Amino acid sequence: MTDQNSSTNPVTIVVEHLDPELGAWSALEYGCIARESHAAGSRFLLSSVPTSLQMPEELAATEGLKVEHRSIEEIFADRKSKVCLLDPAAQAELSPADGEIFEVFLFGGILGDHPPRDRTSELRKKGYAGRRLGPKQMTTDTAVRVTRMVVHEKVPLEKIQYIDHPEILISEHERTEMPFRYVKGDDGQPIMPQGMVDLIKKDADQGIDDLF
């Protein structure tokens, strides 16, 4: 049944890029979202990208990434009722049934700000229907991964295995705690984008918020 849904009813993932720049953290997340979406048969649009913003070469070459300079309002002007905003302030939790109601799942980049700056408020004002992914803050790629698991693979939120605030080993004597919720991988470790742990280690002297 899941395979059938994957091939006949793929979802469209949209991240509205809400920054004039693109940090290393976001580039890794966007690349991860593009690869996973492509593998699942879903579309991934990075919208509202300023024409002046030059995509990193590696990210630009990532299969599954479509860069849009138009906003979500322009792209889906005729399908507003089919757009679901993943909003930490929403009243209702995302459920498998939402995959039958909505076709487009919208995320405000960067969801993973710490402390949260409620970037999603800019999209909330546009009047899209909202759904929540539980009480814990997630990185953008995690939020997309969880959404796809719920609406595409039909796994209820409460059935997904998570790891909250994992520690990353920086050196023999130093660890750093990530202030986010991650999906637990088959290896028992939090699923993160390729290169993320190396980025965190490299910039261990910076605050987490500086990496975005």
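In this text the structure is predicted, and so the values were computed from the model without any measurement.
- Between Val155 and Lys159, the shortest heavy-atom distance links the atoms CG1-CB, 3.9 Å.
- Here Gln189 pairs with nothing under the side chain to side chain donor-acceptor pair (under 3.5 Å) rule; sequence neighbours left out.
- Side chains of Arg181 and Val146 form no contact here, defined as non-hydrogen atoms less than 4.5 Å apart.
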field: Derivation and outcome, side-chain contact (heavy atoms from CB on, under 4.5 Å), residues Arg145 and Cys32
entry: CA-CA 10 Å; Arg145 185 175 299 111; Cys32 179; 3.4 Å; yes
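- Phe44 and Tyr30 have tilted rings, their planes meeting at an angle from 30° to 60° on a 0 to 90° scale.
- Of the residues listed (Lys154, Arg131, Arg148), the one engaging Asp98 in a salt bridge (charged side-chain N to carboxylate O under 4.0 Å, His left out) is Arg131, and it is the only one.
- One distance of note links NZ of Lys126 with CG of Leu85; it measures 10.5 Å at 0.5 Å rounding.
- Between atom OG1 of residue Thr51 and atom NE2 of residue His69 there is a gap of 6.5 Å, rounded to the nearest 0.5 Å.
- To the nearest 0.5 Å, atoms OG1 (Thr139) and CD1 (Ile33) are separated by 8.0 Å.
- With rounding to the nearest 0.5 angstrom, the OG atom of Ser37 is 12.0 Å from the CD atom of Glu63.
- Between Pro88 and Arg132, the shortest heavy-atom contact is O-CD, 3.1 Å.
- Summarising the geometry, atom CE belonging to Met149 is positioned 9.5 Å from atom CG belonging to Leu157; distances are rounded to the nearest 0.5 Å.
- Counting heavy atoms from C-beta on, the side chains of Val151 and Phe105 come closer than 4.5 Å.
- In this structure, Lys80 is positioned above the aromatic face of Tyr128, its NZ or CZ under 6.0 Å from the six-membered ring centre and within 45° of the axis.
- Here the closest heavy-atom approach between residue Trp25 and residue Met178 is recorded as CH2-CE, 3.4 Å.
- Taking 4.5 Å as the limit, some side-chain heavy atom of Met192 sits within range of a side-chain heavy atom of Ile168.
- Between the side chain of Ser26 and the backbone N or O of Leu22, no donor-acceptor pair lies under 3.5 Å.
- If you take CZ on Arg79 and OG1 on Thr12, they are separated by 6.5 Å, rounding to the nearest 0.5 Å.
- Among the candidates Ile160, Leu86, Val150, the single residue satisfying the side-chain contact (heavy atoms from CB on, under 4.5 Å) test with Leu133 is Leu86.
- Met55 and Ala60 make their closest contact through CB-CB, 4.0 Å (heavy atoms, listed as atom of the first residue, atom of the second, distance).
- The closest side-chain heavy-atom distance from Tyr182 to Asp141 is not below 4.5 Å.
- Side-chain contact between Thr147 and Phe107: present, with at least one pair of heavy atoms (C-beta onward) separated by less than 4.5 Å.
- Side-chain contact between Ile191 and Thr142: absent, with no pair of heavy atoms (C-beta onward) separated by less than 4.5 Å.
- For the pair His17 and Leu53, the minimum side-chain heavy-atom distance is below 4.5 Å.
- Between Glu74 and Ser47, every side-chain heavy-atom pair lies at or beyond the 4.5 Å cut-off.
- Across every non-hydrogen atom of Glu93 and Gly134, the tightest pair is OE1-N, 2.9 Å.
- A side-chain donor-acceptor contact under 3.5 Å links Glu16 to the backbone of Ile72.
- Summarising the geometry of Asp164 relative to Lys136, their closest heavy-atom pair is OD2-CE, 3.7 Å, with the distance given to 0.1 Å.
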